[in-house]
Every structure is written in C-alpha cells, then in structure tokens.
*Asks:* 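Before I ask anything, here is the structure I am working with.
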Amino acid sequence: AEQANWYVAHTYSGYENKVATDLMTMVENRHLQDLICDVKVPTETRIEEVFDKRGNKTGEKEVQSKLYPGYVFIKMVMNDNTWYIVRNTRGCTGFVGPESKPEPLTEAEVEVLFSIINMLKARGVGIVYISHKMKEIWRIADDVTVMRDGRWITTRHKTEYGTDDDSFRAEVIRNMCGRELSAAYPPKDNIVHDDPMIVVEGLTAKYNQLRDASFTLHKGEILGVAGLDGSGRTELLETLFGYRTRQSGTIKKFNFGFRAAQGGTPEDYSMEVHDINGTQVGEEISNLSPNSAIKQGFALVTEERRATGIFGILDIRANTVIANLKNYKLGKFPLLSDAKMARDTDRMIEAMHIKTPSQRQQIKNLSGGNQQKVIFGRWMLTNPDVLLLDDPTRGIDVGAKYEIYELIQSLAKQGKSIIMVSSEMPELLGTCNRILVMSAGQIAGEYVPTGDGKVDQEKILELAAKNL
C-alpha cells in the first residue's frame, strides 16, 4: 500500500464493504467537488476442494475472501494533492493524510485543507480545529478556546482577542502561558568560539540520498539546517549519530566538553586533552552506532517524539535515566540505585521546569512540551558536547517553545554545540547563528541571518532549490 501511495484505513472486520460503499456513494452524490476517488477492499480468490459427508472429494469451488480483514485501501486526489476521506459506519466523516508522511503540511497542502474545512462549514458541519499556529487559527476560526495545564481558561470570539493577527497572537499567548512574551525568541547572546567542536568532511550515507556533506561546527554555536521536505536534513543528523549507515566521509571531534566536565575552565579549551575513552583532541571518530556516538558526547532529539523519542508506557523517571543507566549500577551487581535515579530525575524536573504531579507519572500523559523537556533532561544527564535537534519544537505550544529556545541558548552559553533542524524558517532565523541549507541530499550552501526576515527567507529558499 505504501509503495502504491494508498492510505490503509482500519475499520471493524466485516464492515470494510460498508465503509467503501458509503464513501463511493458520498462522492457520486457530489457531496465533495472535484474529487477523483478510488476505494479497494483487497480480496483473494482460492480454490477449495469439496467433500461429501463420507469425506470423499466431489469437486472444487472458488472461494473469495478478504485479503486484509478490517482494512480498506483508500485514495483521493483533489487539485493534484492527495487527500483521504474516511466515512465510518456511524456516518462520521474525517480527513486524514498519508500514514507514511507525518511531517507538517506544506503551504499548498494547508490551502487544500482550509478549502475542505470551508466547504464542510458551508454545509453546516461544526469544526474543532486544534493548532499551535496562531496565523492558522486567526484565519480559520470563529471562536477560540484556550487550554492551559489541562484546564479551560477562556472562550471568546477571535476578534475579542485582537483586531489583527499580531494583537490576536499576543493575547492568545498571554492566556496560554499565563504571562507576557515580549518576543518570539530569546536574544542570541551565545558566544561562538573560533575553536571547532566537530569537523565533518564528505559525509555520505549508504542507504539514503545524503552525500558529500562537509561543514564545521564551532564550540558554543547553534547551527541550523534548512531545506525542503525530503532534502536530507533528518538523514544528516541520523548519520552523524550513527543511526544511519555511513558509506564514506569522516567526523573529527575536538573534545572540549570533556575537559570542562573534568573541572576545567574556559581557558583550558584550547589545551590538548583526552576523553574518557582515550580519544585525542581532533582525532577522527567512528560514530558507527548510536552507542558509540553517545560515548563520544553526541545526543539526538528525534523528529517523531512519540514514535522514537519516548517510551510511552514508562514513567518519567525511566524515560529520564534510560540513556545513562551505567551510572546507576550498584557496584558489580546487576542492580540499579533507585535513590540515585530518583534524585537525578527530580533535578531534571526542576531544571527543565517539567509540569508533572510525580516522577512516577507515565510520560504519555504529559503534554508534548513537557515530554520534550523530559527528553532534553535525559540527554543532559549524559553531559553531551554535541546536541542534534530534529524539529525540537514540533507539536508543542508557544510557551513551551520559548522555554525550549531558552534552554538551547543556555546550553550554547555553556560551550555545547548544537545542530538544529527545523521545518519553520522563522525559527531557524530567530534561533541559529548560522544556517546550512540542504538541497536534494547535499549541502547547497550556508547562510548567516541578517535580521531582515523577508530577505533571509528568500535567500534560503534559493539555496534550497539549487539542486532540484
């Protein structure tokens, strides 16, 4: 189904034909305009032998059965964009996107979504639209409800929050956070040193499009990675972290952070030192697996938080200490110190401002922003030198985003180096000291933000389209 670009919808086994019929009837009756829809309930035909009561074979017959009980294959195209609509047995209609593409919608896809919402609204359908993007809410909503910490705060018509996009945004954020946010991003006052932290040359992945990536990451620098969807941004981070197989290229690391961890001062950063594994400053490192990357002082905050970032059924304590379990061993015994794990978890909860009733709370019950803070706390316990952040503020509210930005700035001021991928260009411009631009698996160039948002975005988009 993924290869054929179809969406697999799950329904109750036995109801597949009804779901397919309801959907086709809705399209044929022109409830939705300009749609080309195809629905399949995959079946298979097999030959079965027929026997009489005495067990004697009397012949053969064709038997047709569902190939995947409980599943319907659906595809819908509107204005050259692929969308999917599922109508269940109770008559409820819902729009979904391809399960294999969970990334944020492009601007063109957002326009298609809004046209569908407006069409349903005109038919009298009520819409509940949940989003952290203020411009979308201002454009699409009539009334706006604000929630905070699981509680209802207020519900008003959007014009009661403000008369334009900016005033609306400021008032909604004030209600969301319980405080004023004077700016979208904290000031970029981290010091980027001349000393390199890592030097990457000719990095090429074996099983994806990343090829010949070369760059230098400096101590205390926040290095952004921009590019269109599918440009190789995530692949760059995952290859650096050893999650993707590397075909060629080198990573050379300068281990300043280990010196600081051993009690050194900033003046010691230029001294030749060895890390805990005996690796010399500036020596080539392998990073052929996540385990070896962690030992070399790397940390990765993944793009898909729920899928690859958290252990949803485990509590906050387990999710916090899981990358650093060796430090909690009780001597030579295969046991862990519960008291030490509890102390470190409490320390991270306080340092990261994680809102939770207890460290024994299952992490899946926390908000997206607090889940992300737990992940940051997990990696802080490993004392990393290089943080690889893949869309770290995706799917979290504005207040939590600002706290993540402050945390990133704080880590950079401590001399740690950060590579940050983001699908939001204003976020890169407001947070990063320098930006690499990916295009078709290659680094098309680098850009230093000038402060002129419009010009900066145009220049970055030019580079992003360079190899297309």
Side-chain angles (χ1 to χ4, degrees), residues 102-105 110 129-138 144 146-150 153 161-162 165-190 222-226 233-234 237 299-306 309-310 348-349 351-356 363 366-380 387-413 418-433 435 449 453 456-457:
E103 64 266 12
L105 300 180
V110 169
Y129 189 85
I130 301 174
S131 177
H132 298 307
K133 297 184 177 180
M134 297 297 142
K135 290 184 178 180
E136 291 185 2
I137 297 175
W138 171 255
V144 178
V146 176
M147 304 283 291
R148 185 174 72 239
D149 298 336
I153 301 300
Y161 289 93
D165 186 11
D166 292 336
S167 59
F168 168 81
R169 180 183 183 279
E171 179 64 12
V172 171
I173 290 175
R174 188 185 67 79
N175 281 273
M176 289 174 63
C177 303
R179 65 183 190 279
E180 299 282 352
L181 285 182
S182 57
Y185 307 98
K188 287 191 285 188
D189 51 3
N190 58 303
I222 304 173
L223 178 64
V225 182
R233 299 171 303 176
T234 294
L237 297 193
L300 172 65
V301 176
T302 60
E303 180 181 23
E304 291 299 321
R305 179 174 58 251
R306 293 184 182 275
I310 64 170
M348 288 300 104
I349 288 174
M352 301 293 161
H353 307 292
I354 299 168
K355 296 178 181 177
T356 176
I363 194 171
L366 300 184
S367 67
N370 283 301
Q371 288 177 358
Q372 197 75 316
K373 292 177 189 176
V374 172
I375 296 172
F376 269 88
R378 171 197 302 166
W379 290 118
M380 291 306 98
L387 280 89
L388 309 174
L389 309 179
D390 196 351
D391 240 342
T393 64
R394 177 180 175 185
I396 62 179
D397 66 69
V398 178
K401 278 187 176 184
Y402 194 86
E403 290 181 336
I404 295 294
Y405 300 146
E406 288 183 316
L407 175 60
I408 293 171
Q409 278 290 329
S410 173
L411 294 171
K413 291 175 186 177
I418 296 155
I419 303 178
M420 175 177 166
V421 167
S422 178
S423 54
E424 298 183 21
M425 204 177 300
E427 182 173 79
L428 292 175
L429 295 172
T431 308
C432 302
N433 305 113
I435 300 172
D456 287 341
Q457 293 193 42

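All figures in this text were calculated on a predicted structure; none of them were measured in a lab. For reference, positions follow the sequence shown, starting with 1.
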*Asks:* Is the backbone of Glu427 close enough, under 3.5 Å, to the side chain of Thr431 for a donor and an acceptor to pair up by distance?
*Replies:*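 Between the backbone of Glu427 and the side chain of Thr431 there is a qualifying donor-acceptor contact (under 3.5 Å).
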*Asks:* Would you name the heavy atoms of Cys432 and Leu223 that are closest together and state the gap between them?
*Replies:*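 For Cys432 versus Leu223, the nearest heavy atoms are SG-C, 4.3 Å.
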*Asks:* Any Lys/Arg nitrogen of Glu304 or Arg394 sitting under 4.0 Å from an Asp/Glu carboxylate oxygen of the other?
*Replies:*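 Salt bridge present between Glu304 and Arg394.
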*Asks:* Taking side-chain hydrogen bond (donor to acceptor under 3.5 Å, both in side chains) as the definition, give me every residue that meets it alongside Tyr185, ordered by chain and number, with sequence neighbours left out.
*Replies:*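 With sequence neighbours excluded, Tyr185 shows a side-chain hydrogen bond (donor to acceptor under 3.5 Å, both in side chains) to no residue whatsoever.
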*Asks:* Does any donor atom in the side chain of Asp390 or Thr302 lie under 3.5 Å from an acceptor atom in the other side chain?
*Replies:*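 No, because no side-chain N or O of Asp390 sits under 3.5 Å from a partner of the opposite role on Thr302.
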*Asks:* For side-chain hydrogen bond (donor to acceptor under 3.5 Å, both in side chains), just list the numbers for Ser423 and Asp391, CA-CA rounded to whole Å, side-chain angles, deciding distance to a tenth of an Å, and then say yes or no.
*Replies:* CA-CA 7 Å; Ser423 54; Asp391 240 342; 3.1 Å; yes
*Asks:* Who pairs with Gln371 by side-chain hydrogen bond (donor to acceptor under 3.5 Å, both in side chains), at least two apart in sequence or on another chain?
*Replies:* Arg305
*Asks:* Counting C-beta onward and ignoring hydrogens, is there a side-chain heavy-atom pair between Arg233 and Ser422 closer than 4.5 Å?
*Replies:*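 No, their side chains stay 4.5 Å or more apart.
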*Asks:* Please tell me if the side chains of Lys413 and Asp189 come closer than 4.5 Å, counting only heavy atoms from C-beta onward.
*Replies:* yes
*Asks:* Do Asn175 and Glu171 have side chains that approach each other closer than 4.5 Å (heavy atoms only, starting at C-beta)?
*Replies:*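 SC-SC contact between Asn175 and Glu171 confirmed.
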*Asks:* Determine, step by step, whether Val172 and Ile137 satisfy the side chain to side chain contact (heavy atoms under 4.5 Å, CB included) criterion, reporting the C-alpha distance in whole Å, the side-chain angles of both residues, the deciding distance to 0.1 Å, and the verdict.
*Replies:* CA-CA 10 Å; Val172 171; Ile137 297 175; 5.8 Å; no
*Asks:* Can you see which heavy atom on Met134 is nearest to which on Phe168, and at what distance?
*Replies:*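 Taking every non-hydrogen atom into account, O-CE2, 3.7 Å.
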*Asks:* With the threshold set at 4.0 Å, does a side-chain nitrogen-carboxylate oxygen contact exist between Lys401 and Glu424?
*Replies:* yes
*Asks:* Closer than 3.5 angstrom, by distance alone: can the side chain of Asn370 be matched with the main-chain N or O of Lys355 as a donor-acceptor pair?
*Replies:* yes
*Asks:* Side chains of Tyr161 and Ser167: does their closest heavy-atom pair fall under 4.5 Å?
*Replies:*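 No. Closest side-chain heavy atoms not under 4.5 Å.
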*Asks:* Assess the residue pair Leu389 and Val421 against the criterion (side chain to side chain contact (heavy atoms under 4.5 Å, CB included)); give the C-alpha distance rounded to whole Å, side-chain angles, the decisive distance to 0.1 Å, and a yes or no.
*Replies:* CA-CA 6 Å; Leu389 309 179; Val421 167; over 6 Å; no
*Asks:* When rounded to the nearest 0.5 angstrom, what is the spacing between CD in Gln457 and CG in Leu429?
*Replies:*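 Between atom CD of Gln457 and atom CG of Leu429 there are 6.0 Å.
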*Asks:* Please report the interatomic distance CD1(Ile363) to CD1(Ile310), rounded to the nearest 0.5 Å.
*Replies:* 5.0 Å
*Asks:* For the pair Ile222 and Asn190, evaluate side chain to side chain contact (heavy atoms under 4.5 Å, CB included) and give the outcome as yes or no after the intermediate values.
*Replies:* CA-CA 9 Å; Ile222 304 173; Asn190 58 303; 4.1 Å; yes
*Asks:* Is any side-chain heavy atom of Leu366 closer than 4.5 Å to a side-chain heavy atom of Thr356?
*Replies:* yes
*Asks:* To the closest 0.5 Å, what do you measure between NZ (Lys373) and CD1 (Ile349)?
*Replies:* 11.5 Å
*Asks:* Got a sec, which residues hit side-chain hydrogen bond (donor to acceptor under 3.5 Å, both in side chains) with Lys135, two or more places apart in sequence or on another chain?
*Replies:*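 Result, side-chain hydrogen bond (donor to acceptor under 3.5 Å, both in side chains) vs Lys135: none returned.
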*Asks:* Atom CE of Met352 and atom CZ of Phe376: how far apart are they, to the nearest 0.5 Å?
*Replies:*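 If I round to the nearest 0.5 Å, the distance is 8.0 Å.
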*Asks:* Give, for atom CG of Leu407 and atom NE2 of His353, the distance between the pair rounded to the nearest 0.5 Å.
*Replies:* 9.0 Å
*Asks:* Is the backbone of Pro392 close enough, under 3.5 Å, to the side chain of Gln372 for a donor and an acceptor to pair up by distance?
*Replies:*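 Such a contact is found between Gln372 side chain and Pro392 backbone.
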*Asks:* Whether the side chain of Trp379 engages the backbone of Leu387 through a donor-acceptor N/O pair (distance < 3.5 Å, no angle test) should be reported.
*Replies:*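 Absent.
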*Asks:* Please report the closest heavy-atom contact between Thr393 and Tyr405, naming both atoms and the distance.
*Replies:* CG2-CE2, 3.6 Å
*Asks:* Rounded to the nearest 0.5 Å, how far apart are CE of Met425 and CD1 of Ile435?
*Replies:*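 Answer for the CE-CD1 pair, Met425 versus Ile435, is 8.0 Å.
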